[in-house]
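Computed over heavy atoms, backbone and side chain alike; hydrogens, waters and symmetry mates excluded. In the text below, chain A, chain B and the rest are named by the order of the sequence lines, each starting its count at 1.
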Amino acid sequence: MTRSIRGFTLIEVVVAAGLLSIVGLAIVAFVTAFARGAGARARISDPALEGALLVERLRAVAPALRAPLASDGETAALWLSDSVPSRTVHLSELGWLRFDPTMGDIVLERVADTHFAEDRGLETEFEADDDFLAIREDSARDGLLVSTILAEGLDSARFVGDGRRGADDLALELEAERATARVAIGPVVPEEPLR
Amino acid sequence: MRSAMISTNGRPDRRAHRGSAILLALVAVGVATLLGLSLAATRDANVAASRNLAHAAAARAAAAGAMEVAVDVLEDPSTDLAAISKSGGVLFEGLAVGGASAKARVHDLLTGLAADDSSEVVEIVVEGTSSGISQTARAVGRLPRAPGAPTADLDCSEFALLATGTLVFEGDACLAVWSGSPLAILAEPVAYGLASGSTAQIAVSPDASLHGTVALSIGGFATDAEMHDEHLADKMVRIPAAIHVPLAAVPIERAAESLGGGAADTLLDGYIAYDAMPEGDMRVPARAAATLRGVRSFDIAGNLRIERGAQLRVEGETRFVVRGNLVIEPATVEVAAGATLSFIVLGDASIDGAYVGGERSNPEELRDATGRAAYDGGASRVLLSLAGGGRVSISEGSVVKGEIYAPEAAVAVATRSAVYGRVLGRDVRLGAGCAVFYDPALDDRSGWTARASGIWTPTGAVRTEVRQIARLDGESLERFAVETGVVPEVSPSLGSLTLLAIEDADDDTRSDAGAAGSGTSRPRERASVRIARGILRAIEAQRANGHGVFSDVGELDRAFVSLGFDPMKGADE
């Protein structure tokens, strides 16, 4: 027998087995991490998280949010504050939450403050039974609205209210990646953090 | 090289390849390990976001809870605000709320500094922190008054527009809050009306903008929040009785001996550091620049005319007594920080195309009648008081940041002019395109609309002594204080006017009144001391007789307004 047909030594086998183990473990870690990363990326659009963040952002934008006023499923009119002290709704106090299906965003639209400064007559006081959704259409047509994105990466969203707790009872149902979530927009806890 | 790896029989030498497989394997292992570890270290965004939300919720709850504690502490009359001021405004720190901690600070809304015992309106800032994530809650409100002498705001400065005769809003006239005021954040309604409480003599154009305002009417005080909201929805502020508006203080008669010593006509130009008492007119010539320094007093027998293009700068406490007419042409009158300017006019006052107010911090502001002018010390720096039944005309795009107190005069704001402050007159007319933007800092909640003020008796009637104040002069106020034990409060500029009569009584000689360089501080000090002593005597007498001192602020005045939460900090959103 010549040296060329001699088998592996025990040490070579042990070293090879060790290397294979290490490589195997690395491959397993790689595949696992990749899978987790893909899952995490998918869950960025988790509707529950987006809903919670939406509420946080809405509270930041409108800390004195008073009540939802109207909704047609796609758009909801909100009374953001009583900054014109009157206990009645004024144009400068109105906001509209709306789902933008092309971008997958939920935006809050308001009439820009600059317009009120430029035109004192723009400020308007409304009655409780006014059509607050039509007011949005008029404002959009006049180019008065500015938008703030409150949630993104959604497949669909719609406003629902069961009507059992009054007209200001409003919730938002969000859907993304075949998962759904529901967050309450109203009734609003008044004057948080003062209770 | 190649020859070295070929054996002599022409076949590759296996020994030459020994070890290369291990090297390749090691490289592969290294690469795979790095890849695996780097990807394994990738954080799961979902877990991170959920954790952030959980900690944010804990921090938010801590901030909300601590805010309640802070409000309770501030509403406790025994709270030592002076001590809080010494600690930089920190109310408490390290307060454990669940697993989070909270810190509360309080600062004066007007000054921006740490709140002290002179603060009336404060902002509470509470920061809750949980695992590095913090949420900040804010609330603003008026502090309850410490136990002590009750006060009465007698100059009706809580009203943006108050008329004793008629009140007219023409065209698109506007009445609103001065948005640049630090206290605008309180979102309190702006009050206007007739002293009688009647609305019959108020003419409001359909195009007038009166959003966020309430009209004075006669009725019962709001006793709870619900009634307060009802009144607000009705755009009314109700008080049980008509308002008594004292007339403006009348300046003392010019001493006969001083008449001969005064100059006939006087020009104000350059730096002025002396008083003057001209027998004729006083002028700031066209395009001149005059600076008034120190405590200055000018008693002008004729007219005061600030001519076109002139610039008058006031750096101290300055008072013009104008026994003729005041005319301000397109000119600039600016009052520096810490200074005040008072015009006491016995004739008419005309301001055409001029700026009169605090020194403008924004050089591009010019005459901003839109309501967005910078605060620059507010309206309390300038007072225009008409002691007679003359006429005040503010026109041609004029901007006045100050108070106009003319209970016997007709006041007209016309041709796109604006007053930042307040206007009180007999007949007040706000023209089309004109506006009054009220400075809420003028309202210290001790006036006619405050149930707990010294104007009202505990049974809800007007003190008879209030209606006996004919003029806002020192003698009347002192008598009121002595008889009632109530501290009379007037605007700072009006306060200096109230001393005129006392100066007259205390210092009959007043030999230096018209002399250049004479000061007015000594008689003023004497008058202040005299008023203060009278008030203290009255309060001590009340206490000795077993009468409690009522200074409790009503529940409605005590409420703080939430500003909500700031965006959370420290979160990996």
Side-chain angles (χ1 to χ4, degrees), chain A residues 3-4 12 15-16 19-20 22-34 36-37 39-44 46 48-49 52-53 56-57 59-65 81-88 90-92 113 116-125 190-195, chain B residues 14 22 25-26 28-29 31-33 35-47 49-50 53 56 60 63-65 67-68 71 126 137-139 172 174 176 187-190 207 209 211-214 229-230 232-233 235 370-372 435 559-568 573:
Chain A
R3 286 191 306 170
S4 63
E12 287 173 331
V15 168
L19 288 174
L20 278 174
I22 293 169
V23 171
L25 285 172
I27 290 171
V28 169
F30 178 87
V31 171
T32 305
F34 186 82
R36 289 182 64 194
R41 281 188 293 277
R43 283 193 297 273
I44 287 291
D46 187 322
L49 278 177
L53 290 172
E56 285 284 321
R57 291 164 181 154
R59 282 172 173 167
V61 173
L65 178 63
S81 71
D82 193 30
S83 57
V84 180
S86 58
R87 304 301 184 260
T88 55
H90 288 73
L91 184 59
S92 61
D113 290 341
F116 293 104
E118 292 163 359
D119 179 7
R120 283 180 195 155
L122 182 61
E123 183 66 281
T124 312
E125 184 177 18
E191 295 242 343
E192 195 186 19
L194 294 171
R195 291 165 291 193
Chain B
R14 288 172 184 257
I22 291 178
L26 284 173
V29 166
V31 170
T33 304
L35 274 174
L37 290 177
S38 62
L39 284 173
T42 302
R43 299 179 63 189
D44 187 326
N46 191 24
V47 174
S50 299
L53 283 175
R60 186 188 192 89
M67 178 63 80
E68 296 288 310
V71 168
V126 178
R138 296 175 188 272
D172 59 347
C174 175
E188 294 173 336
V190 174
D207 296 328
S209 175
H211 300 292
T213 63
V214 288
D229 285 356
E230 286 176 7
L232 200 51
K235 298 177 175 49
T370 65
R372 291 187 292 174
F560 279 82
V561 179
S562 169
L563 300 182
F565 294 89
D566 293 353
M568 61 181 171
E573 191 181 345

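Only the side chain of A:Glu56 comes within contact range of chain B, judged by heavy atoms closer than 4.5 Å. Interface residue A:Thr124: only backbone heavy atoms are found under 4.5 Å from chain B. With a threshold of 4.5 angstrom between heavy atoms, A:Thr88 approaches chain B through side-chain atoms but not through N, CA, C or O. Only the backbone of B:Glu188 has a heavy atom closer than 4.5 Å to any heavy atom of chain A.
Between the side chain of B:Asp172 and the backbone N or O of B:Asp207 there is no donor-acceptor pair closer than 3.5 Å.
Annotation: A:Asp119, atom CG; neighbour count of heavy atoms from other residues, nucleotides and ligands within 6.0 Å is above 12.
Ranking B:Cys174, B:Ser209, B:Ala176, B:Gly371 against chain A, the residue ahead of the rest is B:Cys174, based on heavy-atom pairs under 4.5 Å. The residue among A:Ala62, A:Ala117, A:Ser86 with the most heavy atom pairs within less than 4.5 Å of chain B is A:Ser86.
When every heavy atom of A:Glu123 is checked against every heavy atom of A:Leu91, the shortest pair comes out as OE1-N, 3.2 Å. Counting all heavy atoms, side chain and backbone alike, B:Met67 lies closest to B:Arg138 at CE-C, 3.7 Å.
Residues A:Asp82 and A:Arg87 are in side-chain contact: their nearest non-hydrogen atoms beyond the backbone lie under 4.5 Å apart.
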